[in-house]
Protein chains: 2
Amino acid sequence: MPKNCNFIEKLREVGLRPTKQRIKMCEVLYNREKTFHFTINDLVKLLSEKMNEKISLATVYNTVHAFEKKGYLKEISIDSHKSYFDTNTSAHHHFFDEDTHELIDCDESDIDKINIRKNITGKKINSVEVLVRVASDNQTQK
Amino acid sequence: MPKNCNFIEKLREVGLRPTKQRIKMCEVLYNREKTFHFTINDLVKLLSEKMNEKISLATVYNTVHAFEKKGYLKEISIDSHKSYFDTNTSAHHHFFDEDTHELIDCDESDIDKINIRKNITGKKINSVEVLVRVASDNQTQK
DNA sequence: ATCTACATTATAATAATTCTAAACTGTTGA
DNA sequence: TCAACAGTTTAGAATTATTATAATGTAGAT
Ligand SMILES: [Mn+2]
Ligand SMILES: [Mn+2]
Ligand SMILES: [Zn+2]
Ligand SMILES: [Zn+2]
């Protein structure tokens with residue numbers, strides 16, 4: 001649970017000016033026990049709840065992408081219709097709950113290391129990620 | 001390389017009226033040696049090339065989604081900013097070339113079966129898919 | 001305190017997708 | 001055979017997510 005001055009330093013370190021909007025975004029994104037997943041809409045709601053003044057949508061987009069470029073955030077592709085972001089920027093796999101549209105992180109131990117036997121000439125592997133789609137296990141589907 | 005009458009039958013079997021637009025879409029999508037990946041834009045281009053009359057964008061969207069629902073097409077999530085579709089509807093993994101934005105199918109033999117050790121209570125696994133992002137292997141990146 | 005580069009903002013623009021409602025067409029059965 | 005109907009296509013409008021613009025504001029340096 002870092003204090004704001006830590007965010008100011010953190011932002012400075014990567015060459016971002018610690019403006020009040022960015023500090024507030026840091027608080028909302030990183031001032032929590034666990035990493036989490038969000039859409040831009042989620043984030044805008046969280047920000048408007050926790051902030052007296054309002055923050056413009058353009059700033060949220062710009063800052064999220066600035067954070068992404070700096071490696072503070074990772075974009076996750078699950079649904080072509082929505083962008084999900086992740087404050088857990090390490091390489092990891094996901095469960096996606098198709099009922100609730102929630103993302104859940106996998107632990108290291110949940111899935112064995114993936115061994116890729118094919119290689120594409122002239123190309124290097126940037127990432128290997130598994131997406132496990134789950135849904136409710138009702139017998140209702142005949 | 002099926003002829004059109006096969007497409008007419010195929011469409012009938014799943015309760016879709018074999019209209020000339022749908023038949024043309026079947027030709028473009030399925031009258032080829034290998035399965036392939038496409039975006040809506042790709043498909044619209046292909047259709048306008050191979051068709052004398054024009055087909056409306058709404059029809060392309062509607063028909064793609066009708067095919068998807070019937071299991072003739074699968075939607076692939078790689079990029080939150082664009083929808084990719086796949087005429088290979090079986091469960092399989094992908095390489096994604098981040099330079100060319102091309103999808104490449106993995107063979108069964110390219111990646112071992114993924115073993116999931118975690119299970120989410122009350123949820124069943126619908127799919128397990130691996131996405132391997134690749135990019136050019138230039139030493140240009142210091 | 002002043003300056004300046006960088007940020008934020010409201011708003012407009014763009015892009016992808018979906019909706020609408022009128023016109024059209026494949027199929028059925030009289 | 002052909003009228004009738006349900007399903008389909010269509011152009012264009014509407015919606016949604018995202019990005020661009022350009023005027024205004026502000027952090028940090030001097
Ligand atoms: Mn993005
Ligand atoms: Mn879709
Ligand atoms: Zn995650
Ligand atoms: Zn594929």
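Order of the sequence lines fixes the chain letters, A, B, ..., with proteins taken first and strands second; residue numbering starts at 1 for each chain. Everything numeric in this text was worked out from a predicted model, so none of it was measured.
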Report summary line: Checking D/dT19, D/dT10, D/dT18 against the side chain of B/Ser56 (C-beta onward), the nearest is D/dT10

Query raised in the report: ring pair (Phe, Tyr, Trp, His ring centres under 6.0 Å): which pairs involve residues 110-136 of chain A, sequence neighbours left out?
Result: none

Report task. Go through the structure and list residues passing salt bridge (Lys or Arg N to Asp or Glu O under 4.0 Å) with A/Lys123, not counting sequence neighbours. Result -> B/Asp97, B/Asp99

Query raised in the report: So what does A/Ile55 hit on the nucleic acid, given a heavy-atom distance under 4.0 Å: a base, only sugar-phosphate, or nothing?
Result: sugar-phosphate

Report task. Examine the side chains of A/Thr63 and A/Gln21 and answer whether a donor and an acceptor come within less than 3.5 Å of each other. Result -> no

Query - Interatomic distance, B/Asn41 CG vs C/dT17 P [rounded to whole Å] - result: 8 Å

Query raised in the report: In chain order, what residues pass the salt bridge (Lys or Arg N to Asp or Glu O under 4.0 Å) check against B/Asp42, with sequence neighbours excluded?
Result: none

Requested in this report: Round to the nearest Å and state the distance from B/Arg22 atom CZ to D/dT10 atom C1'.
Outcome: 14 Å

Are there any protein N/O atoms within less than 3.5 Å of an N/O atom in nucleotides 26-29 of chain D, and if so, which ones and at what distance?
{"from": "D/dG28", "atom 1": "OP1", "to": "A/Arg12", "atom 2": "NE", "distance (Å)": "3.2"}
{"from": "D/dG28", "atom 1": "OP1", "to": "A/Arg12", "atom 2": "NH2", "distance (Å)": "2.2"}
{"from": "D/dG28", "atom 1": "OP2", "to": "A/Arg12", "atom 2": "NH2", "distance (Å)": "3.2"}

Query raised in the report: What pairs with B/Asp105 under salt bridge (Lys or Arg N to Asp or Glu O under 4.0 Å), at least two apart in sequence or on another chain?
Result: none

**Report entry** Electrostatic pair A/Arg117:B/Glu108 at N-O distance under 4.0 angstrom
**Finding:** no

Query - Partners passing salt bridge (Lys or Arg N to Asp or Glu O under 4.0 Å) against A/Arg133 (at least two apart in sequence or in another chain) - result: A/Glu98

Query raised in the report: Can you check the B/Asp42 CG to C/dA15 C1' distance for me, whole Å?
Result: 16 Å

**Report entry** Euclidean distance, atom OH of residue B/Tyr84 to atom P of C/dA16 [Å, nearest integer]
**Finding:** 12 Å

Requested in this report: Let me know the distance between CD1 of B/Ile23 and P of D/dT8, rounded to the nearest Å.
Outcome: 13 Å

Review item, nucleotides 20-24 of chain D N/O atoms under 3.5 Å of protein N/O:
none

Query raised in the report: To the nearest Å, how far apart are B/Lys82 NZ and D/dA17 C1'?
Result: 15 Å

Query raised in the report: Could you state the CG-P distance from B/Leu11 to C/dG26, rounded to the nearest angstrom?
Result: 13 Å

Query - Sequence-distant partners of B/Tyr72, ring pair (Phe, Tyr, Trp, His ring centres under 6.0 Å), two or more places apart - result: B/Phe67

Requested in this report: Could you tell me whether the phosphate oxygens of C/dT25, OP1 or OP2, come under 4.0 Å of any side-chain nitrogen or oxygen in B/Gln21?
Outcome: no

Requested in this report: Using a cut-off of strictly less than 4.0 Å, decide whether B/Thr63 has a side-chain nitrogen or oxygen near OP1 or OP2 of D/dT8.
Outcome: no

Requested in this report: State whether B/His65 places a side-chain N or O below 4.0 Å from either non-bridging phosphate oxygen (OP1 or OP2) of C/dT17.
Outcome: no

Report summary line: Whole-Å distance, B/Glu53 CD to D/dT8 P, equals 18 Å

**Report entry** Which residue lies more 5' along DNA chain D, comparing B/Leu57 with A/Tyr61 via nearest heavy atoms
**Finding:** B/Leu57

Report task. Quick one: list whatever passes ring pair (Phe, Tyr, Trp, His ring centres under 6.0 Å) with B/His94, sequence neighbours left out. Result -> B/His37, B/His92

